[in-house]
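The structure appears right after this line, and notes come after that.
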Amino acid sequence: MVAQVIDGKAFAAKVRAQVADQVAKLKEEHGITPGLAVVLVGEDPASQVYVRSKGKMTVEVGMNSYEHKLDADTSEEDLLALIDKLNNDPAVNGILVQLPLPKHLNEDLVINSIDPAKDVDGFHISNVGLLGTGQKSMVPCTPLGCLMMLRDHHGSLSGMDAVVIGRSNIVGKPMAQLLLGDSCTVTIAHSRTKDLPEVVRRADIVVAAVGRPEMVPGDWIKEGATVIDVGINRIERDGKNKLVGDVDYASAAERAGAITPVPGGVGPMTIACLLANTLTAACRANGLAEPEGLTA
Ligand code: GUN
């Protein structure tokens with residue numbers, strides 16, 4: 001079988017266009033412009049690139065973007081004071097604190113100081129609990145993007161066997177909750193899983209989110225399975241820098257029914273879902289109906 005390529009870049013552009021339409025409607029009908037505040041502490045080069053890209057796309061869909069760049073040695077007190085100000089600013093519907101934070105800052109404390117209704121990353125402990133109990137929450141952007149692609153490809157996911165490789169709070173655990181919410185039979189596999197190849201071979205859906213370049217070979221993939229590759233790993237091959245996923249794309253594409261490429265798969269969906277979450281937060285904050293198809 002030669003896999004259908006799931007084009008995340010094109011899908012993300014479609015999601016952003018939907019968000020832009022809804023934002024225009026919010027402005028026209030209610031005079032509301034959603035706002036996203038992004039907080040960056042320090043000068044991590046990769047984080048700077050992400051933050052710039054988030055700001056640019058926020059403006060492109062017609063929302064207001066507020067960037068707060070703080071020195072690497074900013075105190076916890078000052079960062080918490082900024083978050084408190086943003087929590088109380090009605091122009092700000094979404095707050096994202098770019099991770100990782102410098103070592104002297106307590107990441108859990110900082111994340112849990114964000115108003116859960118503005119926590120567009122879905123990392124606040126209240127949102128984690130709401131998702132885990134099937135209640136309305138803010139859903140982490142990367143797993144939400146994966147879910148949207150799976151729903152788009154399959155329609156219903158009900159009864160499918162899904163294996164999530166990786167148990168991070170940002171991707172693995174919320175991904176498993178979302179798949180369970182869509183009535184999949186879910187296995188979370190990780191570095192201590194016994195006989196990982198056999199576990200993966202059972203799966204109709206494989207979501208790989210471990211951060212290890214090409215660790216899933218094609219012969220672990222069941223014929224016709226759908227493979228969602230969350231990994232973005234920089235490697236050097238033949239003297240060139242290259243981006244590869246957690247799945248060995250060439251061999252997996254020979255067995256899978258559908259597969260996301262790296263780059264151009266899950267990656268672009270993450271920012272699209274951040275914008276979707278900001279729109280959702282703005283609708284909820286104003287007592288308006290949520291945008292259809294852009295939430296879990
Ligand atoms: N750093 C890398 N990915 C993310 C993300 O999704 N959210 C935040 N806040 N920081 C990140």
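We number each residue from 1, following the sequence as shown. Whatever order the structure lists ligands and atoms in, that order sets their numbers, starting from 1.
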How far apart are the C-alpha atoms of Val244 and Asn233, what are their side-chain angles, what is the distance that settles it, and do they pass the side-chain contact (heavy atoms from CB on, under 4.5 Å) test?
-> CA-CA 5 Å; Val244 299; Asn233 308 291; 4.1 Å; yes
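- Using modelled atom types and a 3.5 Å distance limit, the side chains of Glu77 and Ser75 yield no donor-acceptor pair.
- Residues with a heavy atom under 4.0 Å from ligand 1: Leu96, Val97, Gln98, Leu99, Asp121, Phe123.
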Does the pair Arg201 and Glu198 meet the rule for a salt bridge (charged side-chain N to carboxylate O under 4.0 Å, His left out), with working shown?
-> CA-CA 5 Å; Arg201 280 188 192 112; Glu198 272 318 300; 2.7 Å; yes
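- Cluster annotation: Leu36 and Leu40 are assigned to the same hydrophobic cluster (Ile/Leu/Val/Met/Phe/Trp/Tyr, side-chain heavy-atom contacts under 4.5 Å, transitive).
- More than 12 heavy atoms of other residues, nucleotides or ligands sit less than 6.0 Å from atom CD of Glu223.
- Environment of OH in Tyr66: crowded, with over 12 heavy atoms of neighbouring residues, nucleotides or ligands closer than 6.0 Å.
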